[in-house]
Asker: 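Quick one: the structure is below, questions incoming.
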Amino acid sequence: MTADFAIRLLDWFDQHGRHDLPWQVSDDPYKVWVSEIMLQQTQVKTVLQYFERFIQRFPTVESLAAATWDEVAPYWAGLGYYARARNLHKAAQDVAAVGHFPQTLDGWMALSGIGQSTAGALMSLGLRQYGVIMDGNVKRVLTRYFAIEGDSAQPQVIKQLWSLAEQLTPAERNADYTQAIMDLGATLCTPKKPLCLYCPMQADCQAYAQNRVLEFPQKTPKKPNPTRHAQVLFLQVGSQYLWVQRPDQGLWGGLWCLPILEDLEQLPQLQQQFGGDWQLGKQIKHSFTHFHWQLQAVHVELDQSTALQVLAALNMQELAQQWLNATQAKQAGIPQAMMKLLGASETLATCHETNQY
């Protein structure tokens with residue numbers, strides 16, 4: 001059955017698989033590497049919007065290694081999970097220092113941000129050597145095909161899946177197989193509306209035979225993500241706002257953001273201490289893996305000296321700071337949530353100037 005699985009999958013891939021993705025190049029591990037990091041927890045259609053622009057700016061691992069983080073950040077802004085970009089940047093510097101790409105699974109895994117599955121993809125797709133992967137698509141295909149019971153995030157199930165993946169993955173046409181099983185999960189064996197009638201594995205799929213396809217992969221129900229509330233300060237002087245660079249570690253590490261008040265009791269204290277007309281503005285909800293953030297804009301016009309005193313009152317004076325207008329901020333690389341709030345702010349400002357509401 002092992003050989004038959006690969007044969008059927010490859011036959012399907014030859015006719016229906018994706019063969020025109022911009023990172024599908026046999027002689028450029030760097031492009032495969034960038035794509036694999038971008039594709040972690042992100043769909044292909046989203047990555048396509050970022051990949052070409054990133055590669056145009058950083059066409060080689062050496063060019064990425066030579067860039068500063070402030071140069072890299074704008075080309076990842078909006079893609080989310082920014083630790084991926086920081087790890088990619090650091091790993092590129094390590095590779096450039098050595099002078100060549102890793103040639104073994106352990107070598108890839110020694111780099112920041114690369115786990116066993118990504119390393120397997122780089123061996124297979126990047127170096128055209130033998131590699132085995134276990135991304136979300138593969139996990140979904142295998143748990144359905146074998147009707148694997150149990151929480152797919154638990155070690156014992158993960159171990160079982162890796163064992164099956166290693167048995168099924170052929171040495172011949174390894175790269176095609178790697179791409180094929182990802183394509184099957186992404187286009188047919190999808191999470192919510194699988195197209196089982198078109199699946200080359202349907203005849204032997206145990207979940208399909210049991211009419212339980214949507215039950216796999218199994219997961220232990222999680223508690224709903226909590227919602228946190230915070231306020232975002234638009235400290236304005238003319239057309240510019242005061243931005244701070246968040247610490248490297250933690251949420252939005254290394255990105256430029258407007259100052260954020262996570263303690264809502266701080267705003268009345270700032271109003272009393274510094275005076276001025278502090279106005280509540282747009283509210284947005286931004287979701288992360290483990291929580292939702294309800295963010296509300298707070299607008300106030302101050303002189304530069306007072307604005308810096310506000311940062312000092314918030315213990316943010318040690319963070320890097322700069323004054324940026326909306327256009328400059330977007331070019332600097334800011335999180336999507338800041339983009340949303342900034343867009344609302346600019347719309348409001350235009351309405352005030354033209355008296356149109």
Asker: Let me see the working for Phe51 and Trp23 under ring pair (Phe, Tyr, Trp, His ring centres under 6.0 Å), right down to the final yes or no.
Answerer: CA-CA 8 Å; Phe51 179 80; Trp23 47 83; 5.2 Å; yes
Asker: Mind checking whether Leu267 and Leu258 sit in one hydrophobic cluster, side chains of I, L, V, M, F, W, Y counted as touching below 4.5 Å?
Answerer: no
Asker: Could I get the full list of side-chain hydrogen bond (donor to acceptor under 3.5 Å, both in side chains) partners for Thr42, not counting sequence neighbours?
Answerer: Arg84
Asker: Would Leu261 end up clustered with Leu295 when hydrophobic side chains under 4.5 Å apart are linked, directly or stepwise?
Answerer: no
Asker: If you look at every heavy atom in Ala147 and Ala207, which pair is closest and at what distance?
Answerer: CB-N, 4.1 Å
Asker: Strictly distance-based, threshold 3.5 Å: is any side-chain N or O of Thr178 a donor or acceptor partner for the main-chain N or O of Asn174?
Answerer: yes
Asker: Just jot down the side-chain hydrogen bond (donor to acceptor under 3.5 Å, both in side chains) partners of Asp303, sequence neighbours excluded, or say none.
Answerer: Thr306
Asker: Okay, side chain of Gln202, backbone of Cys199: is any donor-acceptor separation there less than 3.5 Å?
Answerer: no
Asker: Among all residues two or more places apart in sequence or in another chain, which pass the side-chain hydrogen bond (donor to acceptor under 3.5 Å, both in side chains) test with Ser287?
Answerer: His292
Asker: Is there a donor-acceptor pair under 3.5 Å between the side chain of Gln245 and the backbone N or O of Leu255?
Answerer: no
Asker: Would you say the ring centers of Phe288 and Trp252 fall short of 6.0 Å from each other?
Answerer: yes
Asker: Do the side-chain N and O atoms of Ser163 and Gln167 include a donor-acceptor pair separated by under 3.5 angstrom?
Answerer: yes
Asker: For Lys90, give me all partners under salt bridge (charged side-chain N to carboxylate O under 4.0 Å, His left out), at least two apart in sequence or on another chain.
Answerer: Asp94
Asker: Applying ring-ring contact (aromatic ring centres under 6.0 Å, His included), which residue pairs with at least one partner in residues 181-233 are found, sequence neighbours left out?
Answerer: none
Asker: Taking all heavy atoms of Gly150 and all of Val157, pick out the closest pair and write down the distance.
Answerer: C-CG2, 4.0 Å
Asker: Is a donor on one side and an acceptor on the other found under 3.5 Å between the side chain of Glu36 and the backbone of Val32?
Answerer: no
Asker: Through direct or indirect side-chain contacts below 4.5 angstrom among Ile, Leu, Val, Met, Phe, Trp and Tyr, which residues connect to Leu214?
Answerer: none
Asker: List the atom of Thr68, the atom of His89, and the distance in Å for their closest heavy-atom pair.
Answerer: C-CE1, 3.8 Å
Asker: Considering only residues two or more places apart or on different chains, which pairs with a residue in residues 220-237 satisfy salt bridge (Lys or Arg N to Asp or Glu O under 4.0 Å)?
Answerer: none
Asker: Centroid-to-centroid, Phe58 to Tyr75, below 6.0 Å?
Answerer: yes
Asker: Do the charged groups of Arg128 and Asp27 touch, with an N to O distance under 4.0 Å?
Answerer: no
Asker: Please table the atom pairs, donor to acceptor, closer than 3.5 Å between any side-chain atom in residues 132-140 and protein atoms at least two apart or in another chain.
Answerer:
residue : atom : partner : partner atom : Å
Asp135  : OD1  : Asn137  : N            : 3.2
Asp135  : OD1  : Val138  : N            : 2.9
Asn137  : OD1  : Arg140  : NH2          : 2.6
Asn137  : OD1  : Ala186  : N            : 3.4
Lys139  : NZ   : Ser152  : O            : 3.3
Arg140  : NE   : Cys189  : O            : 2.6
Arg140  : NH2  : Gly185  : O            : 2.8

Asker: Would you list the pairs meeting ring-ring contact (aromatic ring centres under 6.0 Å, His included) in which at least one residue belongs to residues 161-184, sequence neighbours left out?
Answerer: none
Asker: Glu149: what forms a salt bridge (charged side-chain N to carboxylate O under 4.0 Å, His left out) with it, not counting sequence neighbours?
Answerer: Arg212
Asker: Centroid-to-centroid, Trp108 to Trp33, below 6.0 Å?
Answerer: yes
Asker: Give a yes or no on whether the backbone of Thr187 and the side-chain of Thr190 come within a donor-acceptor separation of less than 3.5 Å.
Answerer: no
Asker: Which atom pair, heavy atoms only, marks the closest approach of Ile148 to Leu142?
Answerer: CD1-O, 4.0 Å
Asker: Would you check if the side chain of Gln236 reaches a backbone N or O of Gly238 as a donor-acceptor pair within less than 3.5 Å?
Answerer: yes
Asker: Considering residues at least two apart in sequence or located in another chain, which fulfil the side-chain hydrogen bond (donor to acceptor under 3.5 Å, both in side chains) criterion with Gln336?
Answerer: none
Asker: Is there a donor in the side chain of Tyr130 and an acceptor in the side chain of Thr169, or the other way round, less than 3.5 Å apart?
Answerer: no
Asker: Between Arg246 (side chain) and Leu251 (backbone), is there a donor-acceptor pair under 3.5 Å?
Answerer: yes
Asker: With a 4.5 Å cut-off on side-chain heavy-atom distances among I, L, V, M, F, W and Y, is there a chain of contacts connecting Ile260 to Leu280?
Answerer: no
Asker: Tell me which pairs pass salt bridge (Lys or Arg N to Asp or Glu O under 4.0 Å) where either residue lies in residues 248-277, with sequence neighbours left out.
Answerer: Arg86-Asp248
Asker: Could you tell me whether a side-chain N or O of Gln24 sits under 3.5 Å from a main-chain N or O of Leu21, the two making a donor and an acceptor?
Answerer: yes
Asker: Taking all non-hydrogen atoms of both residues into account, name the closest pair between Gln218 and Glu215 and its distance.
Answerer: CG-O, 3.1 Å
Asker: Quick check: closest heavy atoms across His299 and Gly281, and the distance to 0.1 Å?
Answerer: CD2-CA, 4.1 Å
Asker: Donor-acceptor check, side chain of Tyr241 to backbone of Val237, threshold 3.5 angstrom: yes or no?
Answerer: no
Asker: Please determine if Lys219 and Asp151 form a salt bridge, counting it only when a charged side-chain N lies under 4.0 Å from a carboxylate O.
Answerer: no
Asker: Out of curiosity, does Phe13 fall in the hydrophobic cluster containing Leu39 (side-chain heavy atoms, cut-off under 4.5 Å, transitive links)?
Answerer: yes
Asker: Please check this pair: side chain of Trp293 against backbone of Thr227, looking for a donor-acceptor N/O pair closer than 3.5 Å.
Answerer: no
